[in-house]
Structure formats: C-alpha cells, structure tokens
Amino acid sequence: MKKRIGALLLALMMVMSLLAGCGDSTSEDAEDTTDSTASDTTDESTDDSTEDTTTLTEVPDEAKADPIAYVTDGAISAGDTVITADGAEIPANLFFYWLTYYYNYYSYYYYYYYGYTFDVTEVLDEDEGTTVADNLVYMASNISEMYAVLNEKADEYGLTLTEDQETSLSEVLANYNENALLYYTTNAEGLELAYRESCQATNLQDYFYGEGGEYEPTDETIADYAEEQGYYTCRYILLYTADLEDDDDDGRAAQQEAAQAIYDALQDVSADELEDTFAEYQAESNYDENTDEYTFDSDDSLVDGFRELVETLEVGEVGMTDETDYGYFVILRLDNSEDTLAEIEEDYISDLYNSQIDEWMNAATFETSEALDNMDWQACFEKIIALQTAIAAEEEADATEEEESEDADTTEDADATEDADATEDADATEETAEG
C-alpha cells in the first residue's frame, strides 16, 4: 500500500521533486557519499587572507567549540535564537541540525541512486534565482517551525516523553560522539531537542487520535474512509506481453489463452478454497512472482484497465482484463484484511492530523533573526561540506591506525609464539642429549 506523506515529512520531498533529472548517473556502483560530495565544493574564495576551507584535513578547534559559529563565520552561535514560532524560541543548534540533516539525506540519495554529486549552488528557478541551498534553508525553517508549534501544543495538553522514549533518547545521545554531532553541525543539546520535539509530535497525535483519544476512529469511520478514498484489495496474476514484438500475434494469443485458462479454472473453485487456489496459480504463473495481496487507493497510478476491472468486481469475484500495456491480468477482488485496515487507519489519522497541523501553522506567527536572513548560505554550506570532509579524513586515519596497530599486535603475538616454540624445541633437544 502506498503511504501518504504527512505534513511532518512533506518538506523532505520538496528538493527531490525539484531536482529529479538534474544530473546524469556517472557511476555504476554507489559509494559512501562523504568524500564524493565534500570534495566537489563550490567556487573557492579569491581572498588570500581567507582560510581555504575546501582543503581541511583535520577538524579545527573552533569547530569543536561551536560548529555553528564556525560555519557562519561567527555570525550565529549554537545557543542563539534564529526563529521564533508564536514566541517559542528555536535555537541555532536545532535549526542547523535539520539543515545538515536534509543536506546529508539528499547528498546520499542522489549519489547512491544516480551517481549525482549534490550541488547546493544549482539554480532551480531562474526567474527567482532560487538555488538548492535556498530550498534546504526553507525546509530546515519549515520543519523547525512545525515541531516548535507542535511542541507548544503538547505542553498545553501536559504531554511528556514516555519512559521508553526517554530511554531511547539516552541511547541516541550515547551513540553520538563529538564527530557525529559535528557532522550534523550541532551539539548534544541540539540533537536532544530535535529528538524530544519529534517524540512530542507523535505523542500529540496519539493524544487526539490514538486509543482513548478524543477523535479515535471507529470501525465504521475507517470503512467509510476506505470507500471514500477508493481503497481496494486484490490478488492478481499477470501474463506478460510487454516484451513481445509488435507483430508477435502468436505470442499474444498464447498469453491470452493462458490467462483465459486460469480464469476459467477458477470459476469452478468453491468460495472457501478460492483464495488459496488463486495463490497457487500466482506462484506458478505470475510474471512478477507476486503472491501477496495488493492494496491501492485513488491516488495510486495503475495501468489502464486494472483499476477499472477491480472496481466492477464484488468481493470474492474473479475477473480478467483485456490486454493492457503489461499484458493480461487475472484478478481476484478481496475484502480488506485486518492488516490493511490498520494501514488505512494510519492514513486516516495522518490526514486528520495533517489538517490540524495546517490549521495551527496558519494561525501561528514566525520571525527569523537578522543574522539568519542575511546569511551567505553558499559560503556556509562550503564550510559545512569541508568540515564533513575533515571529519571523514580523521576517522579514516584513525581506522587505518587502529588496523595497523592490530596487525602489529598480531605480528608480536606470532613472534612470541615462534620464540616460545623455539625455546621448547631447544629444551627438548638438550634433554635428549643429556639422556
């Protein structure tokens, strides 16, 4: 089933849709993106007095002291308030965590899937002059503001983190060393705040729509929602024709005949045995070897003829399509299972919660600091990228040193064993001679 994108995740998809197709794949094998993205930085400064951050080989002490002051050339410090959301203060260590989070996500995504080096200088809108960096800043602002509003609402209703969430938070913080925090341009306080606000957003949703909540959905509500949204569950068997030549009439006829034979055979199967028998045919005949149930809704894009047939079938009825762009489908319409209904309920709750979030966000007022408004984001990202490169270089050097140390220890152990064996042999020879 396709899951809807909630408001809390909407910003995560914005650059992806804008950049789709921006770069051609230049690498067949995906690699770790740290070095690849960091080494391809934007134009270097022509001012000889300025530190060349593109060639950092180790993490500067000033970055360790305050990574945000470092990447902003002192314009913003970790504890500075950069945005207010209805009076709630959003500190720089939280904002820059989200900013770097999005940068890291897309850097990895595009390099892994397309071999494309993520370029923050790329212009997305010529008229507006909007760059990738501008969109990353927008997303970081949006998610920071949204979580701040939800956190304030959670406080209003007296919500706090659960014991399990507090335990999980402790584990998260314990697993982030200094370099990991620097890699996200934040500190422990920023990471903790991001985690707490994320948990409170979940807790707020559960408070309204979870078990015992004021708006907890009923079975009837979910059934009505499923019908309104056009949810259907089915099994299908595909007899594939898309790989046939246009003039291969015999091949198409053979696939049509095979589909028809399956359809005819299923007409004589009892209702109690129909689903199991259909699954057996799926395992034997389905082109994509799919034997699972398939659920779709009105937002899903399907090959012409598939949805149209399912909508005409009653639960427990089998149908067969004419030839589609993929081939011939034999389809069994099913009722929505408990697992499917649970997923539909999640979608329903997500829709309700997103609508409520939109109301809260539209009613809220936001202000950004002058320092944030006037930031040179190209220069800022250049330093973030260079810092990440230095972190990667340090960790690679540490790993090499550790490996060499282990090899040395292994050699020493081997030499010690060899010396001991030689001593034992000598002692044995001496005893033999004396004997």
Side-chain angles (χ1 to χ4, degrees), residues 5 8-45 52-57 59 63 67-68 70-73 92 94-144 176 179-186 190-191 194 372 375-396:
I5 299 170
L8 291 177
L9 298 179
L10 181 59
L12 188 59
M13 308 302 296
M14 293 186 60
V15 166
M16 186 177 297
S17 61
L18 290 168
L19 281 184
C22 278
D24 295 328
S25 177
T26 57
S27 172
E28 294 181 0
D29 298 319
E31 301 173 357
D32 176 59
T33 61
T34 303
D35 293 335
S36 64
T37 56
S39 61
D40 188 19
T41 53
T42 56
D43 295 340
E44 297 181 7
S45 172
D52 183 7
T53 58
T54 62
T55 57
L56 282 180
T57 56
V59 179
I68 297 165
Y70 176 75
V71 300
T72 63
D73 290 328
L94 177 61
F95 172 84
F96 276 85
Y97 167 79
W98 286 118
L99 182 69
T100 312
Y101 170 87
Y102 285 129
Y103 170 76
N104 291 344
Y105 175 87
Y106 288 113
S107 293
Y108 175 82
Y109 180 91
Y110 278 96
Y111 195 79
Y112 184 88
Y113 288 103
Y114 305 117
Y116 172 60
T117 300
F118 195 64
D119 182 6
V120 297
T121 68
E122 188 160 1
V123 177
L124 301 175
D125 188 323
E126 294 287 351
D127 294 334
E128 298 292 333
T130 304
T131 65
V132 170
D134 295 328
N135 268 286
L136 292 172
V137 172
Y138 169 78
M139 289 191 294
S141 300
N142 188 56
I143 202 74
S144 298
Y176 269 74
N179 275 352
L181 292 168
L182 288 176
Y183 201 83
Y184 281 86
T185 325
T186 191
L191 178 64
L372 199 69
M375 181 58 53
D376 180 349
W377 291 111
Q378 301 296 344
C380 181
F381 272 110
E382 189 170 296
K383 298 196 78 168
I384 289 174
I385 294 167
L387 182 59
Q388 291 184 343
T389 305
I391 292 169
E394 278 194 4
E395 295 196 343
E396 184 177 353

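If you read the sequence from its start, that first residue is 1, and numbering goes on from there.
A pairwise comparison of heavy atoms in Glu394 and Val59 identifies OE2-N, 2.9 Å as the closest pair. Across Tyr101 and Tyr184, no two heavy atoms sit closer than the pair CA-CE2, 3.9 Å. The two atoms that bring Asp125 and Asp127 nearest to each other are OD1-N, 3.0 Å, heavy atoms only.
Atom CG of Asn142 sits about 4.5 Å away from atom OH of Tyr138, to the nearest 0.5 Å. Atom OG1 of Thr121 is separated from atom CZ of Phe381 by 11.5 Å, given to the nearest 0.5 angstrom.
By the side chain to side chain donor-acceptor pair (under 3.5 Å) test, Asp73 is found to be paired with Lys383, residues two or more places apart in sequence or in another chain being considered. Glu126 meets the side-chain contact (heavy atoms from CB on, under 4.5 Å) test with Val123; sequence neighbours excluded. Taking Ala194 as the reference, Leu94, Tyr97, Trp98 meet the side-chain contact (heavy atoms from CB on, under 4.5 Å) condition, with sequence neighbours excluded. For Thr185, the side chain to side chain donor-acceptor pair (under 3.5 Å) partners two or more places apart in sequence, or in a different chain, are Thr100.
Under the 30°/60° scheme for interplanar angles, the aromatic rings of Tyr108 and Tyr112 are found to lie parallel. Between Tyr103 and Phe118, the two ring planes are tilted [angle within 30° to 60°]. Note on ring orientation: taking the six-membered ring where Trp is involved, the planes of Trp377 and Phe96 are tilted (angle from 30° to 60°).
By the 4.5 Å heavy-atom criterion applied to side chains, Thr186 and Leu181 are counted as neighbours. Using a 4.5 Å heavy-atom threshold, the side chains of Ile143 and Tyr102 count as touching. Side-chain contact check for Val137 versus Met375: every heavy-atom pair is 4.5 Å or farther apart. Side-chain contact check for Leu182 versus Asn179: some heavy-atom pair is nearer than 4.5 Å. Using a 4.5 Å heavy-atom threshold, the side chains of Thr131 and Val120 count as separate.
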